[in-house]
Amino acid sequence: MTDDWPETEAGALAVQERIARAADLTDPGPAPGAARLIAGVDVAYDEHSDRLAAAVVVLDAATLDVVEQATATGRARFPYVPGLLAFRELPPVLDALAGLSAAPDLVVCDGYGLAHPRRAGLAVHLGVLTGLPCFGVAKTPFVYGHPDPGPARGDTAPLLDGAETVGRALRTRAGVRPVYVSVGHRISLDHACAHTLALTSNGFRQPETTRRADHLCRAALKDAL
DNA sequence: GCGACAG
DNA sequence: ATCTTGTCGC
């Protein structure tokens with residue numbers, strides 16, 4: 001699935017150009033209620049080697065209960081370069097996804113989608129390569145600033161690139177730093193934010209999907225060492 | 001030229 | 001990403 005993977009930054013930039021062009025940014029995708037299986041993906045790294053572990057956790061959207069999960073371990077094939085995160089995280093994530101018995105209706109990534117210098121963040125890559133509706137929820141600012149969202153859960157502020165809205169800072173918990181939502185493929189920003197709020201009815205800042213995937217990939221990495 | 005910079 | 005100590009609060 002990820003043979004001909006770029007080895008150099010120049011190669012990666014060429015792939016990104018193709019990915020960005022292939023992204024479907026017009027399909028509004030599933031609204032909350034229309035998606036039953038929502039998957040979260042994450043990757044953990046060993047600090048003393050190039051070993052890594054990826055995890056996918058599929059939740060029942062209505063109850064947030066775990067329906068299925070899968071992991072994959074391997075070695076990093078690409079360094080961490082801001083703007084090229086997809087080339088580091090995608091191979092293990094795709095391997096983990098291949099372990100599922102059924103494709104989810106929607107995938108939530110840890111990181112950015114459209115709100116990326118070349119409109120090609122992790123969520124765009126994952127959506128295009130799998131064909132699945134996909135969006136990203138990042139924990140820290142990247143390249144786009146924003147006005148301050150209000151203090152209440154659900155308050156938002158646009159992530160702006162000039163006059164273009166590329167994402168949204170979304171307060172998922174009152175008085176706590178917002179998360180950064182941006183679409184990847186086959187999902188609207190409104191739907192992505194609505195899903196993010198539904199997935200944070202757990203009282204935490206981060207979506208339940210990413211929390212579960214984060215715990216699972218850490219455990220998988222520990223076992224693999 | 002220099003700094004900033006998802007995970 | 002990863003390491004880390006204490007601290008506050010339900």
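Below, chain A is the first sequence line, B the second, and so on; all start at residue 1. Please read these numbers as outputs of a predicted model, since none were measured by experiment.
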### Message
Just to be sure I understand the rule, does A:Ala44 reach a base, reach only the sugar-phosphate, or reach nothing, if contact means heavy atoms closer than 4.0 Å?
### Response
sugar-phosphate
### Task
Say whether A:Val128 and A:Leu85 are linked into one hydrophobic cluster, either directly or through other cluster members, by side-chain heavy-atom distances under 4.5 angstrom.
yes
### Message
Given A:Leu122, which partner from the list A:Val93, A:Leu90, A:Val41 fulfils the side-chain contact (heavy atoms from CB on, under 4.5 Å) test?
### Response
A:Leu90
### Query
Think A:Arg218 forms a cation-pi with A:Tyr45, using NZ or CZ under 6.0 Å from the six-ring centre and within 45 degrees of its axis?
no
### Query
Are the side chain of A:Arg186 and the backbone N or O of A:Gly131 linked by a donor-acceptor pair below 3.5 Å?
yes
### Query
What residues form a side chain to side chain donor-acceptor pair (under 3.5 Å) with A:Ser49, not counting sequence neighbours?
A:Asp46
Pairs under 3.5 angstrom, nitrogen or oxygen only, protein versus nucleotides 3-7 of chain B, please.
| from | atom 1 | to | atom 2 | distance (Å) |
| --- | --- | --- | --- | --- |
| B:dA6 | OP2 | A:Tyr80 | OH | 2.8 |
| B:dA6 | N7 | A:Gly83 | N | 3.1 |
| B:dA6 | N6 | A:Gly83 | O | 3.2 |
| B:dA6 | N6 | A:Leu84 | N | 3.4 |
| B:dA6 | N6 | A:Leu85 | N | 3.1 |
| B:dA6 | N1 | A:Leu122 | N | 3.1 |
| B:dA6 | N3 | A:Tyr112 | N | 3.1 |
| B:dG7 | OP1 | A:Lys139 | N | 2.9 |
| B:dG7 | OP1 | A:Lys139 | NZ | 3.4 |
| B:dG7 | OP2 | A:Thr140 | OG1 | 2.8 |

### Query
Do A:Val67 and A:Leu132 share a hydrophobic cluster, counting only Ile, Leu, Val, Met, Phe, Trp and Tyr and linking them when any side-chain heavy atoms are less than 4.5 Å apart?
yes
### Message
Is a donor from one side chain sitting under 3.5 angstrom from an acceptor on the other, for A:Gln206 and A:Arg211?
### Response
no
### Query
Do you see a donor-acceptor pair shorter than 3.5 Å between the side chains of A:Asn202 and A:Thr200?
no
### Message
If a pair means Watson-Crick or G-U wobble with both distances below 3.5 Å, what does DNA chain B look like in dot-bracket form, with | marking bases paired to a different strand?
### Response
.......
### Query
Tracing side-chain links under 4.5 Å among I, L, V, M, F, W and Y, which residues wind up in one group with A:Tyr112?
A:Phe142, A:Val143, A:Tyr144, A:Leu159, A:Val166, A:Tyr180
### Message
Please check this pair: side chain of A:Thr172 against backbone of A:Arg205, looking for a donor-acceptor N/O pair closer than 3.5 Å.
### Response
yes
### Query
Is there a donor-acceptor pair under 3.5 Å between the side chain of A:Asp27 and the backbone N or O of A:Asp24?
no
### Task
Give, ordered by number, those residues of residues 199-225 of chain A having at least one heavy-atom distance below 4.0 Å to an atom of DNA chain B; if nothing qualifies, reply none.
none
### Summary
Min and max contacting nt of DNA chain C in 5' to 3' order, chain A heavy atoms within under 4.0 angstrom, are C:dA1 to C:dC3
### Query
Is a donor on one side and an acceptor on the other found under 3.5 Å between the side chain of A:His191 and the backbone of A:Pro28?
yes
